[in-house]
S.K.: 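Quick one: this structure, given as structure tokens, is what I'll be asking you about.
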Number of protein chains: 2
Amino acid sequence: MSEFTETSRLNFIVEMLKINTSASIAEIAEACHVSQMTIRRDLQKLTETGQVIRIPGGARIEHWRGAERSFFERLQKMGHAKRSIGATAASLIKDGESVVLDSGTTTLYVARELRIRKNVVVFTFSLAVLEELTSAEHIRVELTGGVYRSSSHDLIGPAVAKSLTSIYADTVIFGAAAISLSRGVMVHDPDAQYELLRAGRRKVLVVDSSKIGTEATYRLCGIEDCDLILTDKGISNDALTRLRRMTEVQVTNLR
Amino acid sequence: MSEFTETSRLNFIVEMLKINTSASIAEIAEACHVSQMTIRRDLQKLTETGQVIRIPGGARIEHWRGAERSFFERLQKMGHAKRSIGATAASLIKDGESVVLDSGTTTLYVARELRIRKNVVVFTFSLAVLEELTSAEHIRVELTGGVYRSSSHDLIGPAVAKSLTSIYADTVIFGAAAISLSRGVMVHDPDAQYELLRAGRRKVLVVDSSKIGTEATYRLCGIEDCDLILTDKGISNDALTRLRRMTEVQVTNLR
DNA sequence: AGGCTATTTGTTATTTATTAACATTGTCCT
DNA sequence: AGGACAATGTTAATAAATAACAAATAGCCT
């Protein structure tokens, strides 16, 4: 076994963990010919970058690594607003119904709250939504096809829209990048979402209030095309009044 | 917060971790109104059943839980035979080519060895294959649509076959439940696999030698329909001779 | 090269976490 | 009631994590 530079040692540790999922600090230190303290510091760095997880006396690696980890980290930091929106959206879905779920952090909270439903069919192109629902016994998840995109942990490309054409669910719950009072519902990446809107009868938009009154690149649809908009208490009275002239808006209230 | 029975407390801890991915022993103990020692013992049980992971001072939960956990455990226990087959199969794929990868443990090893390729497009309905390749920078993974099945961590149903119809790749690498010298390549669940075979030009079958000479429920295709069969050294000379009368067979040899 | 700085690593002491052993409580069964 | 068993709590001993400091190393500037 040769000597290491610092960075090559970090890589070596990750590779070591890929082989056996976990290893003790003593084992790693011996394999690298450095002190345990050095390995502790290495593991701290690797933990910060999300590459490994510390366990008492050692470390282990997750099956899912890399980009989608930052996705989950983003998710964890978000507060009660999205959770409250998610719970309200989920309450709209009754047992036995079918629902199309958009990709995005807010809709992920919807998925989380949907777990208690029974005999629900969920269509989605978000792997995060799928993951959130795999442990739910009575929920069937149907994934669209598509090319995997790690940054948002979902599927993109023409196959997504193509898969959605054959779906018509009771409800579609979707997010948006921005809500412009004049221009309507706006998104960054409209490809799949046009088809998404067509894939459900009742169209429910879930957005946290920080998005309201902002702009983004593409217009997805008009405010009035949504059957219901769910948002949190952060919305201004003015914006609320104006939105309510166009469609039904519900401000979620759960603590 | 009410009192707990022992088993309901274990469930509560898991649910608690599902919400926030991780929690400290002190937090859990307080939430449950029991001593930290009791929580330590609970976490030990939950660690043994694979439901949580201990971290120093607390516990956390994996993003993927439940059925697919046993899937990865199965995978780890498997020996060099499949790994060797996987490496040989991966060596057949050149940079820039496209390949269809079946679901299954052997093909998962192929995926693992494919990570070093560049500009390869991989089509699959196996989420395990997708996971294996997400960290590979230069590989594009295109997932078929379908209903998620946790036991094998892949997608099933009519959408799988439908997605495959529009694909024609350079190579298809597939597994089998059994190889009958008289009846041909046999599988347990033929639905998607018929279409899988059509989705690639060169058809490569990967099977560990224990499957050769056994039987399963459905016939997928004849031996002679495979362009190449990859297996390990465990194959008998007799079987090898007979298979080679029908198609090319390569016995992998990597240590 | 010489000397400066910053980084990495090792050592030690201190705090914190884990384990093991034993005491207590409570439940179930006869 | 009394005994067996499981679950929980308490304490002491052991192990691990952290923090603080010292030594070694690698650049980098003149």
Side-chain angles (χ1 to χ4, degrees), chain A residues 1-66 69-70 72-73 76-77, chain B residues 1-63 65-66 69 73 76:
Chain A
M1 183 63 55
S2 63
E3 300 304 312
F4 287 102
T5 67
E6 192 202 348
T7 47
S8 80
R9 192 182 55 235
L10 293 180
N11 289 332
F12 176 82
I13 294 171
V14 173
E15 289 306 316
M16 196 172 163
L17 289 171
K18 277 182 188 170
I19 293 169
N20 212 15
T21 2
S22 69
S24 76
I25 289 181
E27 281 165 9
I28 303 171
E30 193 177 4
C32 298
H33 305 289
V34 292
S35 74
Q36 300 199 0
M37 191 64 229
T38 304
I39 299 300
R40 281 175 198 287
R41 281 190 270 246
D42 288 348
L43 292 180
Q44 195 183 337
K45 287 171 203 150
L46 292 170
T47 304
E48 279 162 10
T49 61
Q51 294 183 83
V52 309
I53 299 165
R54 280 302 305 282
I55 55 177
R60 62 171 283 156
I61 202 159
E62 283 226 16
H63 299 134
W64 285 88
R65 291 173 307 272
R69 160 129 185 99
S70 68
F72 278 98
E73 267 166 359
Q76 273 199 27
K77 295 203 184 85
Chain B
M1 185 61 55
S2 61
E3 302 302 313
F4 288 102
T5 67
E6 191 200 349
T7 48
S8 83
R9 194 181 55 235
L10 293 180
N11 289 331
F12 176 83
I13 294 171
V14 173
E15 289 306 314
M16 195 172 165
L17 290 170
K18 278 182 188 173
I19 292 169
N20 213 13
T21 335
S22 69
S24 75
I25 289 182
E27 281 166 8
I28 303 172
E30 193 177 5
C32 297
H33 304 290
V34 292
S35 74
Q36 299 199 2
M37 192 65 229
T38 303
I39 299 301
R40 283 175 195 286
R41 283 189 268 244
D42 288 349
L43 292 179
Q44 194 182 336
K45 287 171 203 150
L46 292 170
T47 304
E48 279 163 10
T49 60
Q51 295 182 82
V52 310
I53 298 165
R54 279 303 306 280
I55 56 178
R60 64 172 284 158
I61 203 159
E62 287 227 17
H63 299 137
R65 293 171 306 271
R69 164 142 181 88
E73 270 166 357
Q76 275 199 22

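Bear in mind that the values here come from a model prediction, so they are computed numbers and not experimental data. Just so it is clear: chains get the letters A, B, ... in the order the sequence lines come, proteins before strands, and each one is counted from 1.
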S.K.: Compute the bend angle of the helix from C:dA1-D:dT30 to C:dT30-D:dA1 from the end axes (five pairs per end), rounded to 10°.
M.R.: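 One end axis against the other gives 30°.
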S.K.: Give, for atom OG of B:Ser22 and atom CD1 of B:Ile53, the distance between the pair rounded to the nearest 0.5 Å.
M.R.: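 Rounded to the nearest 0.5 Å, the OG-CD1 separation comes to 11.0 Å.
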S.K.: According to side-chain contact (heavy atoms from CB on, under 4.5 Å), who are the partners of A:Glu30, at least two apart in sequence or on a separate chain?
M.R.: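 A:Glu30: no side-chain contact (heavy atoms from CB on, under 4.5 Å) contacts found.
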S.K.: If you compare every side-chain N and O of A:Arg9 against the phosphate oxygens of C:dT9 (OP1, OP2), does one of them come in below 4.0 Å?
M.R.: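 A:Arg9 to C:dT9 OP1/OP2: side-chain N or O found under 4.0 Å.
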S.K.: Using the test side-chain hydrogen bond (donor to acceptor under 3.5 Å, both in side chains), find all partners of A:Ser35 that sit at least two apart in sequence or belong to another chain.
M.R.: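 A:Thr38.
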S.K.: Under the rule for side-chain contact (heavy atoms from CB on, under 4.5 Å), what residues qualify as partners of A:Gln36, not counting sequence neighbours?
M.R.: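 Expected list: A:Ile25, A:Ala26, A:Ala29, A:Arg40.
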S.K.: Measure the distance from CG on B:Leu10 to C1' on D:dT8 and round it to the nearest whole Å.
M.R.: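 Atom-to-atom, B:Leu10 to D:dT8, this comes out as 13 Å.
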S.K.: In this structure, how many angstroms lie between the P atom of C:dT18 and the CD atom of B:Gln36, rounded?
M.R.: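 In whole Å, C:dT18 P and B:Gln36 CD are 9 Å from each other.
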S.K.: Quick one: pull up CD in A:Gln44 and CZ in A:Arg54 and give me the separation to the nearest 0.5 Å.
M.R.: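 Between atom CD of A:Gln44 and atom CZ of A:Arg54 there are 8.5 Å.
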S.K.: Nearest-Å distance, CD1 (B:Ile39) to P (C:dT18)?
M.R.: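 Distance, rounded to whole Å: 13 Å.
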S.K.: Along nucleotides 17-25 of chain D, 5' to 3', which nucleotides get a B, which get an S, and which get a -, given that the test is a protein heavy-atom distance under 4.0 Å?
M.R.: BBB------
S.K.: Measure from the side-chain N and O atoms of B:Arg41 to the backbone N and O of B:Lys45, and report whether any donor-acceptor pair falls under 3.5 Å.
M.R.: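 Flag not set: sc B:Arg41 to bb B:Lys45 has no pair under 3.5 Å.
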S.K.: Any side-chain N or O of B:Ser35 less than 4.0 Å from the OP1 or OP2 oxygen of D:dG9?
M.R.: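 B:Ser35 to D:dG9 OP1/OP2: side-chain N or O found under 4.0 Å.
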S.K.: Quick check for you: to the nearest 0.5 Å, what is the distance between A:Leu10 atom CG and A:Gln51 atom CD?
M.R.: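 Going from CG on A:Leu10 over to CD on A:Gln51, the span is 7.5 Å.
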S.K.: With B:Asp42, which of B:Val34, B:Ile28, B:Ile13, B:Val52 fulfils side-chain contact (heavy atoms from CB on, under 4.5 Å)?
M.R.: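 So the option named by the test is B:Ile13.
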S.K.: Quickly work out the A:Lys45 NZ to C:dT7 P distance and round it to whole Å.
M.R.: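 Taking atom P of C:dT7 as the reference, NZ of A:Lys45 is at 12 Å.
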